[in-house]
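As structure tokens, the structure follows; a few thoughts come after it.
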Amino acid sequence: MFASFSAMFVRRRGAAARLGAATLVSGLVAAGVLAGAGQAAADETTQGEGGATATIAGLKTYGTAVIHGGTGDQQVSAGLFEMSVEGGGMLQTYCVDLHNPTQRDAKYHETPWGGTSLGANKDAGRIRWILQNSYPQVNDLAALARKAGVRGALTEQDAASGTQVAIWRYSDDVAVDALDPQAEQLADFLEKNARNLPEPRASLTLDPPAVSGRPGERLGPVTVHTNASGVTVAPPADAATSGVRIVDRQGRAITSAADGGQVFFDVPEDAAAGTAELTVQASTSVPVGRAFASESRSQTQILAGSSESTVSATAGATWAKQGAIPALSAAKNCAKGGVDIIAANKGDEPFTFELAGLEHTIAAGETRTVTVPLQEDQAYDFTIHGPGGFTQRFTGMLDCQTRSSETGTATQTLSEPSPATVGGTASDTDLAETGSTGVTPLIAGIAITLVVIGGATLIVLRRKATPTND
């Protein structure tokens, strides 16, 4: 796979991508609104669930597609994007949200399907089949053309645009064709033959991402799940002064682990109430079909190819001698239209907090999931407070629907480079690829801001009175 990935960087069509300047409201907007939640709220922010983090570089290998909508036919660029991975590596992706713009230099996180529009899409597995059976996973274009019954030569641009068109038919349920005949023949073949495949496993996750307990205990286990041959384990930053060690089940200090391996936080018996965090990192190829989502409503992507790339994940631990001892993590839940807060309490007293005007109590020894309902495209930034100065902050944006499913219509789409549309020329808003009109992101941003301001008091989580720990 790496050979075909490298080759694509040498053979490109067109000039370097001009990335869009339009930016939707992000979690930072809500952070400003909720700044009064307390200084401790800024101590820790949970982002993502592990895996690769990358910055989009633009649309690189592409052709032209035609969208057939109620307002007429419109031409857009269709093909492969590139992303640069934090820590090293490159990714190739296709888009799975046709009518949404790509933001300039947007940062993306590897995300479970359930945290994107793919989670509610019964055809998401067919998209994965298309990715595995077309370009760039299949980089012998002559063989691909023969298998697909393509009449004539199939170029890289044809292969990329035909693959993207087939994906859009399943991701956005839209009437779209490739302009080039060879690309259209490939798209038809892929659409007709696609079969449902299961979601690929993450490149790297830790389960659970948060644990708790008492000093003198080994807190955990935290299980490593990865497709890498192994991971490096970094201890807490203050390990030298706190005395917290990362160990295996036998209590031996470790600096590496394998898939399925279990790690623990070994907390000294005389440690005061506190928290710590470990980080695991690996180098691996991210599995084809993994979703990539941004926190700025930039167009959701799906992985088509990966070089050897850096992936990482973190897990936190909380401890106290007595009282409630919470362990908290969060995950987007598109099926329920919100964010799940997974709350565990390993203490000897109940842990009580308020959420959206409702009080929730996690009994001693209990683990429970509480869902924070959010509107589509709503940025969130909220903090849970616990005993002994404990705080846990969660930020992000709920992005669970494609534009077409939200509006029910084919909105104006733009491309990079900005293409002529049937019946006129699209204005150049310098968007990276497909997207709504330049005004749409601005309107959406204003709307989201108002929603966040209006709902700020509903999404700040505050702890009810709890006993103070030693």
Side-chain angles (χ1 to χ4, degrees), residues 24 27 30 46-51 95-100 108-129 131 167-174 194 196-203 205-210 225 287 289-303 328-344 355-356 358 360 362 367-382 384 394-408 444 448 451-452 455 458-459 461:
L24 297 181
T46 298
Q47 299 278 7
E49 298 182 357
C95 129
V96 287
D97 192 358
L98 171 58
H99 296 296
N100 197 44
Y108 283 78
H109 302 278
E110 185 179 341
T111 305
W113 285 1
T116 72
S117 61
L118 296 173
N121 186 339
K122 63 180 177 57
D123 292 319
R126 298 181 190 275
I127 296 173
R128 184 187 178 195
W129 185 96
L131 293 166
I167 289 171
W168 278 336
R169 291 173 182 174
Y170 283 120
S171 65
D172 289 73
D173 192 24
V174 66
N196 260 311
L197 297 178
E199 178 178 3
R201 65 182 300 195
S203 61
T205 58
L206 294 175
D207 181 32
H225 299 286
R290 290 295 291 170
F292 277 79
S294 76
E295 299 299 345
S296 58
R297 194 45 165 104
S298 187
Q299 191 177 74
T300 304
Q301 305 280 311
I302 192 165
L303 190 76
L328 305 171
S329 59
K332 293 178 185 177
N333 187 334
C334 286
K336 293 184 178 180
V339 176
D340 286 341
I341 305 297
I342 300 91
L355 165 61
L358 299 176
H360 300 272
I362 312 300
T367 298
R368 186 146 52 91
T369 298
V370 177
T371 301
V372 184
L374 297 170
Q375 296 184 25
E376 177 69 8
D377 293 344
Q378 182 175 344
Y380 60 89
D381 185 341
F382 49 84
I384 296 177
F394 302 99
T395 69
M397 177 177 285
L398 192 70
D399 183 5
C400 292
Q401 300 177 20
T402 62
R403 286 290 188 193
S404 55
S405 65
E406 291 173 19
T407 63
I448 294 167
V451 168
V452 172
L458 297 179
I459 60 175
L461 310 182

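None of these values were measured; they are calculated from a predicted model.
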- Item | Spatial distance of atom CG (Asp399) from atom CG (Leu374) [nearest 0.5 Å] | 12.0 Å

- Message: Looking at every non-hydrogen atom in both residues, tell me the closest pair between Phe394 and Ala330 and how far apart they are.
- Response: CD2-CB, 3.3 Å

- Message: Is the shortest side-chain heavy-atom distance between Ile127 and Ser171 below 4.5 Å?
- Response: yes

Please set out all donor-acceptor pairs under 3.5 angstrom arising from side-chain atoms of residues 112-120, sequence neighbours excluded.
from   : atom 1 : to     : atom 2 : distance (Å)
Trp113 : NE1    : Gly289 : O      : 2.9
Thr116 : OG1    : Trp113 : O      : 3.1
Thr116 : OG1    : Leu118 : N      : 3.1

- Message: Minimum heavy-atom separation for Ala202 and Glu110, please, with both atom names.
- Response: CA-OE2, 3.5 Å

- Note on the structure: The side chain to side chain contact (heavy atoms under 4.5 Å, CB included) partner of Phe292 among Ile302, Thr111, Leu303 is Leu303

- Taken to the nearest 0.5 Å, the spacing of Ile384 CD1 from His360 NE2 works out to 9.5 Å

- Note on the structure: For Phe382 and Ile341, the nearest pair of non-hydrogen atoms, with its separation, is CE1-CD1, 3.6 Å

- Task: Provide the closest heavy-atom pair for Ser294 versus Tyr108 in the form atom of the first, atom of the second, distance.
- Result: N-CD2, 3.7 Å

- Message: Return the CG to CG distance between Asp123 and Asn196, rounded to the nearest 0.5 Å.
- Response: 6.0 Å

- side-chain hydrogen bond (donor to acceptor under 3.5 Å, both in side chains) against Asp340, all qualifying residues, sequence neighbours excluded: Asn333, Thr371

- Look up atom CZ in Arg297 and atom CG in Leu398, then write down how far apart they are to the nearest 0.5 Å. 9.5 Å

- Between Ile167 and Val96, is a side chain to side chain contact (heavy atoms under 4.5 Å, CB included) present by the stated rule, with each step listed? CA-CA 7 Å; Ile167 289 171; Val96 287; 3.9 Å; yes

- Task: Spell out, as yes or no, whether a donor-acceptor pair under 3.5 Å connects the side chain of Asp97 to the backbone of Gln299.
- Result: no

- Message: A side-chain contact here means heavy atoms from C-beta on lying under 4.5 Å apart; do Tyr380 and Val372 qualify?
- Response: no

- If you measure from CH2 on Trp168 to OG1 on Thr402, what distance do you get to the nearest 0.5 Å? 12.5 Å

- Task: Kindly give the heavy-atom pair with the smallest separation between Asp172 and Leu98, and that separation in Å.
- Result: OD2-N, 2.9 Å

- Is the backbone N or O of Thr300 less than 3.5 Å from a side-chain atom of Asn100, with the two atoms forming a donor-acceptor pair by type? no

- Which value, rounded to the nearest 0.5 Å, describes the distance between Glu295 atom CD and Lys332 atom NZ? 3.5 Å

- Message: Checking Arg290 against Glu199 for the side chain to side chain contact (heavy atoms under 4.5 Å, CB included) test, could you report, in this order, the C-alpha distance in whole Å, the side-chain angles of both residues, the deciding distance, and whether it holds?
- Response: CA-CA 8 Å; Arg290 290 295 291 170; Glu199 178 178 3; 3.4 Å; yes

- For Glu376, does its backbone N or O pair with a side-chain atom of Gln401 as donor and acceptor, under 3.5 Å? no

- Task: Specify the closest pair of heavy atoms between Thr367 and Ala344, including all atoms of both residues, with the distance to one decimal.
- Result: OG1-CB, 3.4 Å

